Amino acid sequence: MEYLHGLNSRQKEAVEHTEGPLLIVAGAGAGKTRVITHRILHLIKKGVPPESILAITFTNKAAKEMRERVHALVASDRSLSPDHPVLPTYPWLGTFHSLGVHILRENSERLGLSKRFTIFDRSDSISAVKEALKETDLDPKQFEPGKILGAISREKGKMVELAKFKERSEGEYYPQIVGEVWEKYEAFLKKEKALDFDDLLLKTAILLEKEGAVRAHYQKLWRYIHIDEYQDTNHVQYMLTKLLAEAHKNIAVVGDIDQNIYSWRGASIKNILNFEKDYPNSKIVLLEENYRSTQTILTVANRIIEKNKMRREKTLFTKNGEGEKVGLFTGYDEVQEASFIAQRSKQLIGEGVSPAEIAVLFRANFQSRVLEEAFLREEVSYQVLGVRFFERREVKDVLSYVRAAENPESIGDLRRIINVPARGIGKVTLLKIFAGKEGELPPAMREKFSAFKKLLLELRQKLSSLPLSEAIKWIVSTSGIEAELKKGGSEDEERLENIKELVTFATRYDAKTDRLSAVDAFLSDVALQSDQDELKDEKPAVRLMTVHASKGLEFEYVFIAGLEEGLFPHERMNETKNEDSSEEERRLFYVAVTRAKKKVFLSYAGVRTIFGSRQVTVPSEFIFDIDEEFLQAENYLEGGGKIIFFE
């Protein structure tokens with residue numbers, strides 16, 4: 001079997017085990033995507049119809065990479081010619097959320113949903129929670145909408161519905177407020193014919209749990225199931241997986257307990273720890289050979305993580321060679337620390353390293369500001385992950401036009417765009433329109449609103465007849481958005497460039513002959529974008545991001561900034577430090593270190609300004625966990641940076 005020749009013995013073992021439950025414990029850089037894709041190819045070559053195979057991962061970026069690899073493997077296999085009985089269909093590969101969208105759209109009538117329901121992103125949901133707070137006569141300044149949305153999200157992630165939550169929280173002050181706001185929020189979603197991110201999973205899991213015929217259909221359809229990053233699943237994702245797999249038990253999960261870093265959003269480490277209890281007679285395969293990093297990086301990572309008690313024993317190794325020592329820099333303050341990182345990055349780029357192969361990781365978002373200033377001073381191109389393209393104002397305006405054309409009952413979208421560009425439709429007029437009192441409007445105002453409705457109707461026709469990118473170009477031009485932005489200054493010019501980038505993105509869907517299906521796919525993909533999907537490979541820039549955002553990525557050189565007690569490991573306000581949180585912080589540091597291929601730089605500041613107050617810091621315990629033999633002092637390139645080395 002030629003296609004298995006490039007795999008090591010453990011990888012081959014995982015690929016060839018096709019019947020029954022399989023747990024693949026894959027260390028960082030151990031080639032887990034390679035294993036999943038080759039396993040899918042192996043199943044197809046054994047005669048399994050591709051449409052019987054399901055593979056789920058967490059980000060669009062990971063799903064896209066997996067899809068491309070599977071398609072390339074199938075296309076390059078000479079035994080799978082186009083007239084092969086199992087081709088030209090392909091496995092279903094996507095994220096948990098896109099799977100939810102797929103199942104809900106197929107069963108929309110059964111659920112009383114519009115097949116073309118709108119998907120609320122986080123900013124849409126926060127706006128809806130603000131409205132719900134006002135309707136409940138609560139002050140959004142006193143009760144933070146983001147915090148209430150977080151509470152609702154956690155409950156949905158535990159597969160708790162509103163009625164059960166209200167019953168459980170009766171008599172408790174804050175939970176009762178959450179319940180009241182949640183009720184108004186749900187009514188708002190229903191009115192808008194919308195679902196939020198959590199609904200995509202919750203409603204899918206409840207549908208499969210309650211509807212035997214639907215469950216049997218998908219169990220019969222997907223007989224071979226693969227779940228990537230299983231350690232990051234929350235309860236609803238765990239149940240979704242279990243319900244789909246219970247008939248055939250042909251489930252292969254890939255995960256690493258040492259990379260479980262999302263407990264704050266409901267991920268449960270118990271799901272992977274209990275896999276053998278959930279699926280008796282499971283086969284366990286341990287992948288410990290790393291193909292990414294040097295042995296020095298792996299030795300440091302192994303010694304850091306072995307202090308954790310809640311884990312399955314494993315030791316990463318590589319044939320890549322020893323590599324360079326870990327660099328350590330101590331700055332006087334965060335400004336000097338940032339200057340060192342920017343200057344050292346500039347030096348690496350001068351030595352021929354691609355900027356895109358350099359990443360600066362930090363524990364908290366606020367750290368990015370001083371780093372950005374340093375990169376600007378040094379004139380080093382950089383990109384900050386977390387500023388989401390699809391959440392920019394002008395991009396959301398255009399998306400709202402598309403959504404409103406598709407779903408005329410989406411009041412949120414109508415409210416957003418009715419005066420973009422300005423049409424002179426005031427707040428009083430809007431209130432009458434949304435109250436269904438259009439007939440009470442003065443003739444001139446009625447005419448303006450009629451022209452707006454006609455524009456949306458024409459856009460709906462364009463979306464059903466033109467390639468998607470052409471339809472979006474049409475609305476940008478016909479609505480007056482383009483002309484308005486062309487009249488503005490440099491900021492408006494940049495906004496227009498962003499809209500042009502949206503049109504470029506939309507060309508990916510132009511090949512679909514079913515125009516309305518292309519629009520649905522486009523809107524779903526846009527709503528489900530993650531931070532990592534913002535990475536632009538064509539832009540040669542140093543990447544600045546949180547450690548959480550770096551999960552699954554790799555770079556030649558990695559800087560880990562702000563290694564100070566209270567910052568990394570992080571201590572949250574009003575939260576008692578316990579063993580679970582300490583172990584998760586250690587796992588987070590392990591993830592940061594194992595992103596690097598060639599070299600890791602660690603840094604901290606002796607003094608840091610937080611919330612306007614200058615504080616003397618204590619070096620992170622993680623620095624002391626690294627043996628001196630693996631550390632090398634880094635000098636401040638312009639002098640003035642005192643190096644402290646640990647004994």
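Bear in mind that the values here come from a model prediction, so they are computed numbers and not experimental data.
Partners of Tyr557 under the ring pair (Phe, Tyr, Trp, His ring centres under 6.0 Å) rule, at least two apart in sequence or in another chain, do not exist in this structure. Scanning for ring pair (Phe, Tyr, Trp, His ring centres under 6.0 Å) contacts around Phe362 gives an empty result, with sequence neighbours left out. Partners of Glu65 by side-chain contact (heavy atoms from CB on, under 4.5 Å), not counting sequence neighbours, listed by chain and number: Thr33, Arg69. Residues passing the salt bridge (Lys or Arg N to Asp or Glu O under 4.0 Å) test with Glu372: none are found, sequence neighbours excluded. The salt bridge (Lys or Arg N to Asp or Glu O under 4.0 Å) test applied to Glu276 returns Arg312, not counting sequence neighbours. Partners of Ser620 by side-chain hydrogen bond (donor to acceptor under 3.5 Å, both in side chains), not counting sequence neighbours: none found. With sequence neighbours excluded, the residues satisfying salt bridge (Lys or Arg N to Asp or Glu O under 4.0 Å) with Glu554 are Arg292, Lys597. With sequence neighbours left out, Thr299 forms a side-chain hydrogen bond (donor to acceptor under 3.5 Å, both in side chains) with Gln295. Taking Ser524 as the reference, Arg105 meet the side-chain hydrogen bond (donor to acceptor under 3.5 Å, both in side chains) condition, with sequence neighbours excluded. Taking the side-chain contact (heavy atoms from CB on, under 4.5 Å) definition, one finds that Ala30 meets it with Leu287, sequence neighbours left out. Every residue two or more places apart in sequence or in another chain was checked for a side-chain hydrogen bond (donor to acceptor under 3.5 Å, both in side chains) with Ser282, and none qualifies.
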Evaluation steps, ring-ring contact (aromatic ring centres under 6.0 Å, His included), between Tyr90 and His71: CA-CA 8 Å; Tyr90 281 98; His71 288 199; 3.9 Å; yes
Working for salt bridge (charged side-chain N to carboxylate O under 4.0 Å, His left out), residues Glu583 and Arg311: CA-CA 10 Å; Glu583 290 211 352; Arg311 66 187 295 263; over 6 Å; no
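With respect to the salt-bridge test (charged N to carboxylate O, under 4.0 angstrom), the residues Glu289 and Lys319 qualify. The pair Arg154-Asp198 does not meet the salt-bridge criterion, since no charged nitrogen lies less than 4.0 angstrom from a carboxylate oxygen. Ionic pairing of Arg303 and Asp625 is not present here: no N-O contact between side-chain nitrogen and carboxylate oxygen is shorter than 4.0 angstrom.
Two residues are said to be in side-chain contact when any heavy atoms from C-beta on lie closer than 4.5 Å; Leu385 and Leu544 fail this criterion. Contact check for Leu22 versus Val253: no side-chain heavy atoms found under the 4.5 Å cut-off.
When ring centroids are compared, His248 and Tyr224 stay outside the 6.0 Å threshold. Residues Phe329 and Phe601 keep their aromatic ring centres 6.0 Å or farther apart.
Among residue pairs with one or both ends in residues 6-21, those qualifying as salt bridge (Lys or Arg N to Asp or Glu O under 4.0 Å) are Arg10-Glu288, Glu13-Lys283; sequence neighbours excluded.
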